[in-house]
Amino acid sequence: MAFFALSRQQPLALLSTTDLAVEYDRLLRENRQLQQAVTSHAVIDQALGAVVVLGRLAPEEAWRALRDVSQRTNTKLRTVAEHVLAYAQGGTLPEPERIELAEAVARYRRRAARSRVPEQAISDDAATSGGAGGRGRPGAGPTGA
């Protein structure tokens, strides 16, 4: 018995039962890989949220911190994420990951603080120098009254 399969490369290709079985196996493998990717993504997103809350970091810095821990400990990102989630639920982190995560959080907090300093200094300058003619107080006139 012969079957037709639709594809972009060969719109109507005649497939044997063996070809169909091979294609079926390929699709099953692809489906499993996609399911695993979706699950991994969810775990990583949850760990990202935990690092945002526990580390008081912006999501971008939390992502970088997780990635750094993964790279510096030579541990898959999904595994690091699973460990972080276990830690957030009262478990423990493996020692190398705990050390790297603490260093990464501190590193990205310092970077965030440095990037905020110029904005704060500008607003402080405006307030103390009078800004728009304010003599140090918002809404104060040029005479300070």
Side-chain angles (χ1 to χ4, degrees), residues 1-140:
M1 178 180 254
F3 298 92
F4 287 99
L6 297 177
S7 74
R8 292 180 188 198
Q9 292 79 20
Q10 299 173 331
L12 281 176
L14 190 61
L15 297 178
S16 67
T17 306
T18 304
D19 292 338
L20 284 173
V22 168
E23 180 65 6
Y24 176 76
D25 287 339
R26 185 191 69 77
L27 290 172
L28 280 178
R29 279 192 311 276
E30 183 179 337
N31 190 347
R32 274 188 238 113
Q33 289 171 347
L34 290 171
Q35 286 175 342
Q36 185 178 11
V38 167
T39 302
S40 292
H41 190 74
V43 168
I44 292 167
D45 281 348
Q46 291 171 13
L48 184 63
V51 174
V52 165
V53 171
L54 297 174
R56 295 184 313 238
L57 293 173
E60 298 81 25
E61 280 85 21
W63 164 251
R64 290 183 190 115
L66 280 177
R67 187 191 60 207
D68 288 358
V69 172
S70 172
Q71 290 174 348
R72 292 174 185 222
T73 62
N74 198 26
T75 307
K76 289 187 177 192
L77 184 61
R78 177 194 166 102
T79 304
V80 170
E82 289 170 348
H83 293 161
V84 167
L85 283 178
Y87 174 72
Q89 296 171 356
T92 60
L93 271 173
E95 187 73 11
E97 291 175 27
R98 186 186 59 75
I99 292 168
E100 287 299 331
L101 184 59
E103 290 175 359
V105 166
R107 184 172 46 252
Y108 289 111
R109 273 191 192 161
R110 283 190 304 269
R111 285 184 187 175
R114 279 194 304 256
S115 69
R116 284 191 302 262
V117 168
E119 294 171 11
Q120 185 63 37
I122 290 169
S123 64
D124 287 347
D125 280 347
T128 58
S129 68
R135 298 248 186 235
R137 289 190 330 224

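- L27 CG to R32 CZ: the interatomic distance, rounded to the nearest 0.5 Å, is 11.0 Å.
- To the nearest 0.5 Å, atom CZ of residue R98 and atom OG1 of residue T92 are 10.0 Å apart.
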Donor-acceptor contacts, no H, no angles, side chain residues 38-55, under 3.5 Å, sequence neighbours left out:
unit_1	atom_1	unit_2	atom_2	d
T39	OG1	Q35	O	3.0
S40	OG	Q36	O	3.0
S40	OG	R78	NH1	2.8
H41	NE2	D45	OD2	3.2

Practice prompt. Check step by step if side chain to side chain contact (heavy atoms under 4.5 Å, CB included) holds for L77 and W63.
Written response: CA-CA 10 Å; L77 184 61; W63 164 251; 3.4 Å; yes
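- Around CG of N31, the count of heavy atoms belonging to other residues, nucleotides or ligands within 6.0 Å exceeds 12.
- Under the 4.0 Å criterion applied to side-chain N and carboxylate O atoms, R26 and E30 are assigned as salt-bridge partners.
- With a 4.5 Å cut-off on side-chain heavy atoms, R56 and R109 count as touching.
- Atoms CZ and CD, on R72 and E97 in that order, are 14.0 Å from each other to the nearest 0.5 Å.
- Across every non-hydrogen atom of L93 and V84, the tightest pair is CD2-N, 3.8 Å.
- The OG atom of S115 sits 13.5 Å away from the CZ atom of R110 when rounded to the nearest 0.5 Å.
- A 4.5 Å side-chain heavy-atom check between S70 and K76 finds every atom pair outside the cut-off.
- Scanning both residues, T73 and V69, for their nearest heavy atoms gives OG1-O, 2.6 Å.
- In this structure, the salt bridge (charged side-chain N to carboxylate O under 4.0 Å, His left out) partners of R107, at least two apart in sequence or on a different chain, are D68.
- Within a 6.0 Å sphere centred on OH of Y87, heavy atoms belonging to other residues, nucleotides or ligands number 12 at most.
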